[in-house]
> 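Before I ask anything, here is the structure I am working with.
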Amino acid sequence: MKRTLRIAVVGAGLIGRQHARRVLGRPHLQLRYVVDPYAEPAGVPTGPDTALVADLGQALGDVDGVVLATPNAAHREGALAAVAAGVPVLVEKPIADTLEAAEEIVTAAEACGVPVLVGHHRRYSPLLARAAEVIASGAIGDPVAVMGSALFRKPDDYFESAPWRTGPGGGPILINLVHDVDALRALCGEIVRVQAVVGSAARGLAVEDTAALTLGFANGALGTFIVSDAAASARSWEQTSRENPGYETDEHEDCYHVAGTRGSLSVPTLRLRTHPGAASWTEPATVTTVAAPREDPLDLQLEHFEHVLRGEAAPRVPAREGLQSLRVVHAVAQSARTGLPVRVPTDPPAARPAAARSEQPPVPRTGVDDHVVDP
Ligand SMILES: NC(=O)c1ccc[n+]([C@@H]2O[C@H](COP(=O)([O-])OP(=O)(O)OC[C@H]3O[C@@H](n4cnc5c(N)ncnc54)[C@H](O)[C@@H]3O)[C@@H](O)[C@H]2O)c1
């Protein structure tokens, strides 16, 4: 007989409410607390045993796990409080608003041995997992070039309802691109170099609405990526993957394309193009569609968190992984400020989980590197 686990969802905003509804929907989880000093009780999902409180400290002694869905700048305080109390925490992405705060969370989690998961929920997507398997299988050869986009238009009231989204750190680099960075790392390995330009002309806010970047991967592949929350296109993961019914969708578009020495894969349609003989633009190619189920990765992430709380699994995206994706987006922001390419720092091999160590060959040096800035 499974013990029912008590959960506190902290921050009852856009995503916190989605987490709260999912906790209510799982048979062996109890939504014990919703913590939010500002939320109107009327709109907050609750169950028969849920208390709405203003401070995480009121909940920590009485829960088995915390889902932290506060604005980015509050992640540090909430995550450190949960870790200090020995309570595992699923912290929304990005792990924190600054690298210093993220490093503090990593250090505390690892020192105390308290599981911290970062909410990069696409890692639970069967579509992304299948795409990563296809690339790792060598079906497209060695990755050469990666194209990606996160083009979508957020409604205007998204910015009016939460002013933190209109200032530095509230834009699509830290809020959205960090998801794609994490997904591209899962598909093609570490991103070790970036260069970016940003614009804010479409919305005229203090925060960027659009960014264009180039990426250098540790395996030598190069990439381009464009993100905008002001572009009325469907070329984003949310709209093309069709995993979340809350978004308008388009089954014909892709958001990533990975081209290798022997073929290419479009994601998330999983249209795979390979050459049965010699790989050349004059030789015949075979086009297939790889099958993968479509499931809600937020549900799967919560299921995984439950396994972590029961001691049955280690976090699939631990704090250190969240830190690495944050390093990439910080390098993007730094490059956008300076106009220069920026090298992304990585952990020394000894600090990385054993499974990840072999994934990171030495960074190939090219002529481009002569101008790279170390942060
Ligand atoms: N995984 C995803 O797809 C996804 C989607 C949206 C947002 N997010 C992330 O989730 C976090 C929240 O984003 P959002 O869009 O839901 O924000 P939001 O502004 O809609 O909600 C934040 C909530 O936190 C509350 N809050 C603020 N300070 C608090 C504190 N100290 N303690 C408790 N509650 C506090 C606010 O009152 C608000 O209700 C951000 O880190 C964001 O990047 C993730």
> Testing R130, R294, E243 for side chain to side chain donor-acceptor pair (under 3.5 Å) with S125, which one passes?
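One option only clears the test, and that one is E243.
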
> Taking S149 for the side chain and R235 for the main chain, is one N or O donor matched with an acceptor at less than 3.5 Å?
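Yes; at least one donor-acceptor contact below 3.5 Å.
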
> Salt-bridged, R76 to D97, with N to O below 4.0 Å?
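No salt bridge links R76 with D97.
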
> Under a 4.0 Å N-O cut-off, is there an ion pair linking R32 with D62?
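So R32 pairs with D62 through a salt bridge.
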
> Above 12 or not: heavy atoms from other molecules or residues under 6.0 Å from CD of E312?
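It does: E312 CD has more than 12 such atoms within range.
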
> Does the distance from a Lys or Arg side-chain N to an Asp or Glu carboxylate O, for D49 and R6, drop under 4.0 Å?
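The answer is no: the pair does not qualify as a salt bridge.
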
> I need the minimum non-hydrogen distance between G322 and V118, along with the two atoms involved.
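In terms of heavy atoms, the two residues are closest at CA-CG2, 3.9 Å.
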
> Side-chain contact test, heavy atoms from C-beta onward, threshold under 4.5 Å: evaluate it for L151 versus S236 and give yes or no.
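A side-chain contact under 4.5 Å is absent here.
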
> Over 60° means perpendicular and under 30° means parallel, so classify the ring planes of H120 and H179, tilted if in between.
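Perpendicular.
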
> Distance alone, cut at 3.5 Å: any donor-acceptor contact between the side chains of E190 and T346?
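On atom types as modelled, these side chains do not qualify, holding no pair under 3.5 Å.
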
> Among K154, R153, R122, find the residue that satisfies the salt bridge (Lys or Arg N to Asp or Glu O under 4.0 Å) test when tested with E238.
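Of all the options given, the one that passes is R122.
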
> Could D254 and R271 be called an ion pair, given the rule that one side-chain N must be under 4.0 Å from one carboxylate O?
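No, D254 and R271 are not salt-bridged.
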
> So Y124 and H304, would you call those rings parallel, tilted or perpendicular, with 30° and 60° as cut-offs?
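Aromatic pair Y124/H304 classed tilted.
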
